[in-house]
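A short worksheet on the structure shown next.
Given the structure is predicted, the values throughout are model-derived calculations rather than measurements.
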Amino acid sequence: MIGTYNKSFIYFICLVSAMGGLLFGYDWVVIGGAKPFYELYFGISQSPVMQGVAMSTALVGCLIGAMVAGALSDKYGRKPLLVIAAILFTVSAIATGIFNDFVLFNIARFVGGIGIGVASALSPMYIAEVSPGEARGRLVSLNQMTIVLGILGAQIVNWQLAEAVPDSFTDADILASWNGQMGWRWMFWAEAVPATTFLILSFLIPESPRWQALHGMTEKARHTLSRVGGDAYAQAELQHIGQAALAESQEEKVGLRALFSKRYAPVLILGLVVAVFQQWCGTNVIFNYAQEIFSAAGYQVGDVLFNIVITGIANVIFTIVALYTVDRWGRRSLMLFGAGGLGIIYLILGTCYHLHITGFFMVVLVVAAIACYAMSLGPVTWVLLSEIFPNRVRGVAMATCTFALWVGCCTLTFSFPSLNAHLGSSGTFWIYSLICFCGFAFFLRRCPETKGKSLEELSKELVKE
């Protein structure tokens, strides 16, 4: 699909940027495997509220990171923000494992969350801005690919670092073990390796050529675009960018006021719904609360860690499927498939919990849900968000929608323990099923098809005149 372009250069800069997604996935999920051990260490194993705080602190940081990423990247560029995200990931990985105090532990998680928020907004946007239109879906999906590899990496690290936990072990035994004293620390420290690598490589990628062109750095933009696709491609892209900038030159100053104007309202609503739905569809609680979900299905702690790895492998396999379908099937079809498929799976899963069905069949249903999500809502959400906004407001729009996404993630993560305690696993997954069917109805009516079109073409089609 990108045979006429400089594939090695494109994949290098996209994969380096997508390392933000790798660290996003690792940092986001590593806490799930460490959860049974650090909760005992900090004495919060019997406090659902404190458990929710520990799981949500990084997500609050995500909100801050996403909120500032757009405005700062529009002012200073995409590349400097990716470097800052790499620094935050490195500091958080080291500090989280060092601290013995629960408050300091949460502060370190908060710092890492800021890095997640910045990377989640910047990585897909950067990739979209350097990618040829006909391959943009696949290349932006690389970000989701690295996210799920980060998730799988965290799951494998957790599984391998944790010593076997005999069924006869009490909480006191687990607390006194290597798992309870040091194992959970190494789960966080392991992130420092890819974080340092990302920090070094982030200095080697160019600035976004679209950002450069819109800030008067035409020759620098031309140089980067020429490296992507040659001189003719660079000239054509600069012409598209220039025409789009000229059409928007009389608009109000870029910012939230411009984004929330009548002109952008329809596409902003679409972006916000897509972002929040990716979280409220419920799949991500499987990664953060796998212990509770698999325990309710009849599994012990040792088996839970292995089952988590199985879900991670399924996540990677079906994200690879998404790389080959997103530019063929299209964004709209995959969003409908994901919403409808998850609605059905969660309906069945909730019913099985209600009927007290346990064992392997429950693992199959959980894996099916992850597979459905991984080849649809997971990657396609980031593709759509990186595509639907005009160049002029893309930074602030991407930040706003990513902020909304993390609000959705934060509320989902914090609410699950209470929902699970009051409604049980069955009622919780029935609620997620209802949300998925509502999402299907919205996408059927409002989600456009964006595959194969330039960012400037999409601006003309989607922005209200």
Side-chain angles (χ1 to χ4, degrees), residues 14-33 55-70 73 78 81-93 96 108-128 140-155 157-158 187-188 190-199 201-202 275 278-279 283-284 287-288 312 315-316 319 373-374 377-379 381-383 385-386 398-399 401-410 412-413:
C14 288
L15 285 171
V16 170
S17 175
M19 285 193 70
L22 179 81
L23 291 160
F24 158 17
Y26 188 100
D27 196 90
W28 179 39
V29 169
V30 65
I31 194 168
M55 294 295 289
S56 303
T57 302
L59 300 179
V60 177
C62 290
L63 300 181
I64 305 299
M67 184 167 56
V68 302
S73 69
R78 315 321 191 195
L81 270 294
L82 290 173
V83 173
I84 290 173
I87 294 172
L88 294 174
F89 280 126
T90 305
V91 171
S92 174
T96 304
R109 290 292 297 159
F110 175 78
V111 170
I114 296 176
I116 294 176
V118 172
S120 61
L122 266 294
S123 292
M125 180 169 62
Y126 176 90
I127 295 172
V140 175
S141 294
L142 285 175
N143 185 66
Q144 181 67 19
M145 183 74 233
T146 58
I147 290 174
V148 300
L149 286 173
I151 290 173
L152 178 60
Q155 292 165 334
V157 167
N158 290 343
M187 293 174 183
F188 292 108
E191 184 185 356
V193 176
T196 305
T197 304
F198 178 41
L199 178 59
L201 293 178
S202 62
Q278 192 212 45
Q279 298 301 313
T283 305
N284 288 330
F287 296 114
N288 291 120
N315 201 12
V316 171
T319 300
Y373 175 86
L377 302 176
T381 291
W382 296 110
V383 175
L385 292 180
S386 69
M398 191 73 181
C401 290
T402 306
F403 177 83
L405 183 148
W406 289 115
V407 170
C409 186
C410 191
L412 177 85
T413 304

If the test is side-chain contact (heavy atoms from CB on, under 4.5 Å), which one of I116, V118, L199, T196 qualifies with F89?
I116
Check whether any side-chain heavy atom of L22 lies under 4.5 Å from a side-chain heavy atom of Y26, and answer yes or no.
no
Considering all heavy atoms of both residues, which atom of C401 and which atom of L385 are nearest to each other, and what is their separation?
CB-CD2, 3.9 Å
Ignoring hydrogens and geometry, is there a side-chain-to-backbone donor-acceptor pair from S17 to C14 under 3.5 Å?
no
Heavy atoms only: give me the nearest N158-G33 pair and the separation to one decimal.
ND2-CA, 3.2 Å
Taking T146 for the side chain and N143 for the main chain, is one N or O donor matched with an acceptor at less than 3.5 Å?
yes
Applied to residues 83-92, the side-chain hydrogen bond (donor to acceptor under 3.5 Å, both in side chains) test, sequence neighbours excluded, yields none
Gap between atom CD1 of I147 and atom OG of S120 - 0.5 Å precision
8.0 Å
G25 versus I151, closest heavy-atom pair with distance
O-CG1, 3.6 Å
Provide the closest heavy-atom pair for A69 versus A399 in the form atom of the first, atom of the second, distance.
C-CB, 4.4 Å
With a 4.5 Å cut-off on side-chain heavy atoms, are S73 and M125 touching?
yes
Could you measure the distance from the CZ atom of F110 to the OG1 atom of T96? Nearest 0.5 Å is fine.
12.5 Å
Compare every heavy atom of P124 with every heavy atom of M398, then report the nearest pair and how far apart it is.
CE-CG, 3.5 Å
Check side chain to side chain donor-acceptor pair (under 3.5 Å) between Q279 and all other residues, then give those that pass, not counting sequence neighbours.
N284
Drop me the distance from L82's CG to S202's OG, to the nearest 0.5 angstrom.
7.0 Å
So, taking the atom named CG in L122 and the one named CG in L81, what distance separates them when rounded to the nearest 0.5 Å?
4.5 Å
Residues forming a side-chain contact (heavy atoms from CB on, under 4.5 Å) with L201, sequence neighbours excluded:
V16, M19, T197, L204
With the side chain counted from C-beta on, respond yes when V30 and Q155 share a heavy-atom pair under 4.5 Å apart, and no when they do not.
no
With sequence neighbours left out, write down each residue that passes side-chain contact (heavy atoms from CB on, under 4.5 Å) with V193, or none if nothing qualifies.
none
Note: A119 and G20 closest approach over all heavy atoms is CB-O, 3.8 Å
Are F24 and S123 side-chain neighbours, meaning at least one heavy-atom pair lies under 4.5 Å?
no
Considering residues at least two apart in sequence or located in another chain, which fulfil the side chain to side chain donor-acceptor pair (under 3.5 Å) criterion with D27?
R109
Within a strict 4.5 Å, meaning less than it, do heavy atoms of the W382 and L142 side chains meet?
no
Residue set satisfying side-chain contact (heavy atoms from CB on, under 4.5 Å) with S141, at least two apart, ordered chain then number -> L323, V326, P379, V383
